[in-house]
Each structure stands twice: as structure tokens, then as C-alpha cells.
Amino acid sequence: MEDNTYLGSGLSFPVRVNPATGRIVMADGVQSVRESVYIILMTQKGERFTRERFGSRLLSYTFMDTSVTRMNMMAGELEQTLLAQEPRISEVEVRIKPELDRGCLIVDIHYVIAGSHTADSIVFPFYLGTVQK
């Protein structure tokens, strides 16, 4: 079993309480990194008034055109943002696949946990200005 203590730990996201113990659930190791990446993506820059530069501009792409150029710009910006804000990762690669019949882009983020060379990824649908039922 690999020792990931150097990755640290923090509150799980979303914050929740373990019903068996009554304690707040913590995330550590690779899960802590994964949750941090997700929080960076889903926090709009300027949203946190005490850390104005924290977060990404992902949500500003909600009503974008879906040209290849625009999606490449979005992927490049996300890669730079994650590398700048999460020091525990390296070798970030973002791939975006349009699924316009569903009204979304599939954002596929691959990265390497620095220090352990462990590959990890996050895949999620990014909806383009449509309301999902």
C-alpha cells in the first residue's frame, strides 16, 4: 500500500457528517487532490472575496459557441489554471468532447499526482446554457 500522507487531508466535498460517528468526513490522499481539482473547477474566479484569484473561469463558458478553437482555448485555460492552483498535480491534460444532442461538453481531465507518479482523472458533463430535467 502506497503512503500518500504527503498529500495531506481536508474536509470532504461536499461537507458531510458520518452518521455512525457524528464526525465530519475527511478526504485524504488521492481523494483530497481529486476534490481540490473539482473545487477549483467549480469555483468562479472572484467568487471568494478573500481569495479573488482562486478558481477557474469554467462557468463563463456556459453560453459559448462550440467551435473547435473555442473548446481548445477552454481546455488550455483549464490546464493552466489547475497547474497554477493545485501544486500536488502535474502533467495536466484536458480533453473536451462535444455531446451537443445532450446539450453538454464532456470534460475529461487527466493529471499525475506529483511525487507518486500516480495517474488520476475526473470526467464530468459541462452543460451549455440548457436546463436539465
Side-chain angles (χ1 to χ4, degrees):
M1 184 169 206
E2 192 173 334
D3 179 22
N4 290 329
T5 56
Y6 70 94
L7 295 174
S9 65
L11 296 176
S12 66
F13 184 80
V15 177
R16 59 191 181 280
V17 175
N18 181 329
T21 64
R23 294 181 182 213
I24 294 177
V25 177
M26 302 295 284
D28 56 5
V30 174
Q31 184 62 29
S32 175
V33 174
R34 185 177 299 123
E35 290 180 7
S36 176
V37 167
Y38 184 77
I39 290 168
I40 291 168
L41 293 172
M42 300 312 292
T43 302
Q44 186 72 3
K45 275 195 178 177
E47 183 177 334
R48 294 186 177 180
F49 68 91
T50 58
R51 295 185 65 197
E52 292 178 1
R53 295 182 182 177
F54 180 81
S56 71
R57 291 183 353 97
L58 178 65
L59 299 177
S60 67
Y61 287 99
T62 301
F63 298 102
M64 76 174 196
D65 67 72
T66 54
S67 68
V68 172
T69 301
R70 181 65 80 180
M71 287 188 290
N72 286 337
M73 289 172 53
M74 178 182 174
E77 183 176 333
L78 292 175
E79 288 172 2
Q80 291 174 354
T81 297
L82 291 172
L83 284 169
Q85 294 188 32
E86 179 48 80
R88 299 175 292 179
I89 65 173
S90 63
E91 301 177 37
V92 176
E93 180 183 3
V94 177
R95 294 184 214 136
I96 300 173
K97 177 183 165 199
E99 289 198 5
L100 301 179
D101 57 323
R102 292 179 50 204
C104 71
L105 303 174
I106 301 300
V107 180
D108 189 3
I109 302 170
H110 296 265
Y111 55 89
V112 173
I113 307 289
S116 72
H117 305 291
T118 303
D120 199 12
S121 65
I122 295 177
V123 180
F124 64 94
F126 177 71
Y127 291 97
L128 296 167
T130 60
V131 177
Q132 296 301 309
K133 297 177 184 174

Fill in: Minimum-distance pair of heavy atoms, taken over all atoms of Ala20 and Asn18
N-OD1, 2.8 Å
Worksheet entry | Leu82 vs Ile109 side-chain heavy atoms within contact, under 4.5 Å | yes
Worksheet entry | Between OG1 on residue Thr43 and CZ on residue Arg51, distance to nearest 0.5 Å | 9.5 Å
Worksheet item: Other than Ile106, what residues sit in its cluster of Ile, Leu, Val, Met, Phe, Trp and Tyr side chains whose heavy atoms are under 4.5 Å apart, directly or through others?
Response: Val123
Discussion item. Can you give me the closest heavy-atom contact between Leu59 and Thr62, atom names plus distance?
Written reply: O-OG1, 2.6 Å
Fill in: Worked check of side chain to side chain contact (heavy atoms under 4.5 Å, CB included) between Arg53 and Gln85
CA-CA 9 Å; Arg53 295 182 182 177; Gln85 294 188 32; 5.8 Å; no
Discussion item. Could you check whether any side-chain heavy atom of His110 comes within less than 4.5 Å of a side-chain heavy atom of Glu91, counting everything from C-beta outward?
Written reply: no
Worksheet item: Are any of the side-chain heavy atoms of Arg102 and Tyr127 separated by less than 4.5 Å?
Response: yes
Worksheet entry | Over all atoms of both residues, closest heavy-atom pair of Ile122 and Tyr38 | CD1-N, 4.2 Å
Discussion item. Could you report the tightest heavy-atom contact between Ser90 and Leu83, atom names first, then the distance?
Written reply: CA-CD2, 3.9 Å
Worksheet item: When rounded to the nearest 0.5 angstrom, what distance separates CD1 in Ile96 from OH in Tyr61?
Response: 8.5 Å
Discussion item. Could you measure the distance from the CD atom of Glu79 to the CZ atom of Arg95? Nearest 0.5 Å is fine.
Written reply: 10.0 Å
Worksheet item: Hey, quick one: are Leu41 and Val112 part of the same hydrophobic cluster, counting side-chain heavy atoms closer than 4.5 Å, chains of contacts allowed?
Response: no
Worksheet item: Any chain of hydrophobic side-chain contacts (each under 4.5 Å) joining Phe126 to Met73?
Response: no
Worksheet item: Do Leu128 and Leu100 come close enough that some side-chain heavy atom pair is under 4.5 Å?
Response: yes
Discussion item. With rounding to the nearest 0.5 angstrom, report the NZ to CD1 distance, Lys45 to Ile40.
Written reply: 10.0 Å
Discussion item. Taking atom CZ as the centre, does Arg16 end up with more than 12 heavy-atom neighbours from other residues, nucleotides or ligands that are less than 6.0 angstrom away?
Written reply: yes
Worksheet item: Mind checking whether Val37 and Val92 sit in one hydrophobic cluster, side chains of I, L, V, M, F, W, Y counted as touching below 4.5 Å?
Response: yes
Worksheet item: So which heavy atom on Ser36 is nearest to which on Arg88, and how close?
Response: CB-NH2, 3.5 Å
Worksheet item: When clusters are formed by joining ILVMFWY residues with side-chain heavy atoms under 4.5 Å apart, either directly or through shared neighbours, do Phe124 and Met64 land in the same one?
Response: yes
Worksheet item: Any luck finding a side-chain donor-acceptor pair between Glu86 and Tyr111 under 3.5 Å?
Response: no
Fill in: For the student: nearest non-hydrogen atoms of Met74 and Leu105, plus distance
SD-CD1, 4.1 Å
